[in-house]
Amino acid sequence: MIGETSIETRGETFFLNLRFILIATVFASNAIEPLIETMGGLHALYMWIFSFHMPLFVLVTGYFARKSLNGSAGRKLLMQIGLQYVIFQSLYSLLDRTLFQVNGIHHSFFAPYLLLWFLASHAFWRLLMLGMSKWTPFGQMTFALLAGILVGYLQLDGVWFSISRTFVYLPFFVIGYHFSFSAFSRIYTKWIKITAAATSLLLFFILMNWGVKLPLGWLFGSFTYMQLDHQEWYAGLYRIAMYGLQFIAALAFLGWIPFRASRLTDWGRRTLYVFLLHGFIVRLAVVSGVYTFLGNAFGAAVLLTAAVSLTILLAQPVVKQWLHPLVEPSVSWMMTLQRAVLRRSL
């Protein structure tokens with residue numbers, strides 16, 4: 001029992017460290033996006049980040065979901081995700097129309113606003129896992145992979161209901177849900193971690209030299225094959241190849257993640273605040289015109305330093321103290337209402 005508790009604690013520490021590092025890469029990738037078309041190095045960095053950060057973020061989400069998937073805890077979290085989505089979809093859309101004025105965005109509750117796709121997909125992943133609860137892990141994974149490949153054949157815009165990303169990233173959620181940290185820690189010994197980190201670095205240089213030929217849309221997971229101009233019957237093979245790249249990139253990046261508890265671990269407990277708030281900062285920076293002064297190596301370094309620094313800042317306890325009602329709104333009234341409705345129906 002003590003050993004199991006120790007493994008569980010070590011696993012939580014590792015995944016909190018991973019979660020913070022991943023949210024830093026999310027902030028960094030969104031911060032450099034306006035410059036990737038003009039700076040080759042940033043384009044390579046952007047592709048490298050996208051090769052692993054969303055798959056691993058979904059995996060981490062699946063890992064922590066197993067503690068709160070069923071029962072009242074599961075219902076409460078689904079309600080909170082829904083309320084967060086309504087609040088931030090409204091805020092981002094309102095500011096977009098009045099201040100940000102970004103073109104090509106669907107302003108609809110049925111089309112998640114940019115980064116908010118993750119909230120919508122998170123809710124669907126949980127519902128899908130509940131629906132597959134009686135299946136074997138192999139059956140769940142088989143369905144997830146097939147769904148991730150076949151969803152691309154739909155003749156629609158994959159952004160609606162976040163349908164494309166929900167199924168494209170479902171395999172990583174299933175893996176995270178069934179992830180065995182004890183087995184992982186036995187495999188990822190010191191030299192394996194060094195090899196994995198070196199492979200991750202090698203992948204960056206490969207993408208820097210040859211990645212320009214890979215359309216970014218395949219890494220986003222949000223487009224159907226129709227949108228990617230691949231309506232061939234064998235288009236699903238490209239998705240399979242992309243899964244191969246993402247699995248390798250994700251496994252390799254894990255070599256960078258420390259096992260020991262540190263400040264990263266504490267910051268990793270509040271990544272939700274970074275995730276939901278950093279989009280406002282990036283949008284304000286674009287509107288301010290500051291990017292006109294950042295189109296060089298020094299500017300890129302300043303931008304990346306600022307992204308990491310602001311990630312740390314938004315993960316501080318004081319931010320949670322101030323903004324907790326907005327970012328983690330209470331759903332006790334919804335739970336009370338649900339119980340009242342159930343009593344009346346009986």
Side-chain angles (χ1 to χ4, degrees), residues 18 21-59 104 114-115 117-118 145 148-149 151-152 158-159 164-165 168-169 171-172 193-232 234-257 282 286 291 294-305 307-308 311:
L18 173 59
I21 292 172
L22 288 175
I23 199 61
T25 65
V26 170
F27 200 147
S29 63
N30 289 332
I32 66 175
E33 186 175 7
L35 300 176
I36 61 174
E37 296 301 324
T38 57
M39 299 185 67
L42 289 186
H43 187 275
L45 178 61
Y46 188 81
M47 293 190 72
W48 179 69
I49 289 173
F50 263 89
S51 70
F52 64 79
H53 82 324
M54 280 298 104
L56 281 177
F57 222 120
V58 177
L59 187 148
L114 298 178
L115 57 87
W117 72 267
F118 197 89
L145 286 170
I149 295 166
V151 71
V159 73
S164 181
R165 278 171 162 160
V168 167
Y169 289 121
F172 297 98
K193 280 175 63 69
I194 291 174
T195 302
T199 301
S200 181
L201 196 59
L202 175 63
L203 181 59
F204 170 74
F205 287 109
I206 290 174
L207 290 173
M208 177 179 287
N209 288 282
W210 294 285
V212 69
K213 297 179 181 179
L214 176 63
L216 282 172
W218 285 100
L219 289 171
F220 295 156
S222 57
F223 300 120
T224 58
Y225 305 144
M226 173 190 72
Q227 293 174 282
L228 293 166
D229 294 324
H230 283 282
Q231 299 201 60
E232 309 92 346
Y234 55 84
L237 295 176
Y238 297 124
R239 177 71 68 205
I240 294 173
M242 194 54 54
Y243 275 145
L245 171 63
Q246 290 174 321
F247 278 116
I248 292 171
L251 286 172
F253 188 75
L254 290 178
W256 296 104
I257 311 304
V282 174
V286 172
Y291 279 90
L294 299 174
N296 52 54
F298 177 76
V302 170
L303 192 61
L304 289 169
T305 301
V308 174
T311 300

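Below, each value reflects all heavy atoms present in this structure, side chains not excepted, and no hydrogens, waters or symmetry copies.
Proximity of a side-chain donor or acceptor of Arg165 to a complementary backbone N or O of Gly158 within less than 3.5 Å is not detected.
Taking both residues in full, the closest heavy atoms of Tyr225 and Arg239 are given as OH-CB, 3.2 Å, listed atom of the first, atom of the second, then distance.
Partners of Ala44 by side-chain contact (heavy atoms from CB on, under 4.5 Å), not counting sequence neighbours, listed by chain and number: Phe204, Met208. Partners of Glu37 according to the side-chain hydrogen bond (donor to acceptor under 3.5 Å, both in side chains) rule, which considers only residues two or more places apart in sequence or in another chain, do not exist here. The side-chain hydrogen bond (donor to acceptor under 3.5 Å, both in side chains) test applied to His230 returns Glu232, not counting sequence neighbours. Residues meeting the ring pair (Phe, Tyr, Trp, His ring centres under 6.0 Å) test with Tyr291, sequence neighbours left out: none. Taking Glu33 as the reference, Tyr46 meet the side-chain hydrogen bond (donor to acceptor under 3.5 Å, both in side chains) condition, with sequence neighbours excluded. For Met242, the side-chain contact (heavy atoms from CB on, under 4.5 Å) test picks out Leu214, Trp218, Leu219, Leu245, Gln246, with sequence neighbours left out. Residues meeting the side-chain hydrogen bond (donor to acceptor under 3.5 Å, both in side chains) test with Thr25, sequence neighbours left out: none. The side-chain contact (heavy atoms from CB on, under 4.5 Å) test applied to Thr199 returns Thr195, Ala252, not counting sequence neighbours. Listed by chain and residue number, Val168 satisfy the side-chain contact (heavy atoms from CB on, under 4.5 Å) test with Ser164 (two or more places apart in sequence, or in another chain).
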May I have the list of side-chain donor-acceptor pairs in residues 47-58 shorter than 3.5 Å, sequence neighbours left out?
| unit_1 | atom_1 | unit_2 | atom_2 | d |
| --- | --- | --- | --- | --- |
| Trp48 | NE1 | Ser200 | O | 3.0 |
| Ser51 | OG | Trp48 | O | 2.5 |
| His53 | ND1 | Ile49 | O | 3.1 |

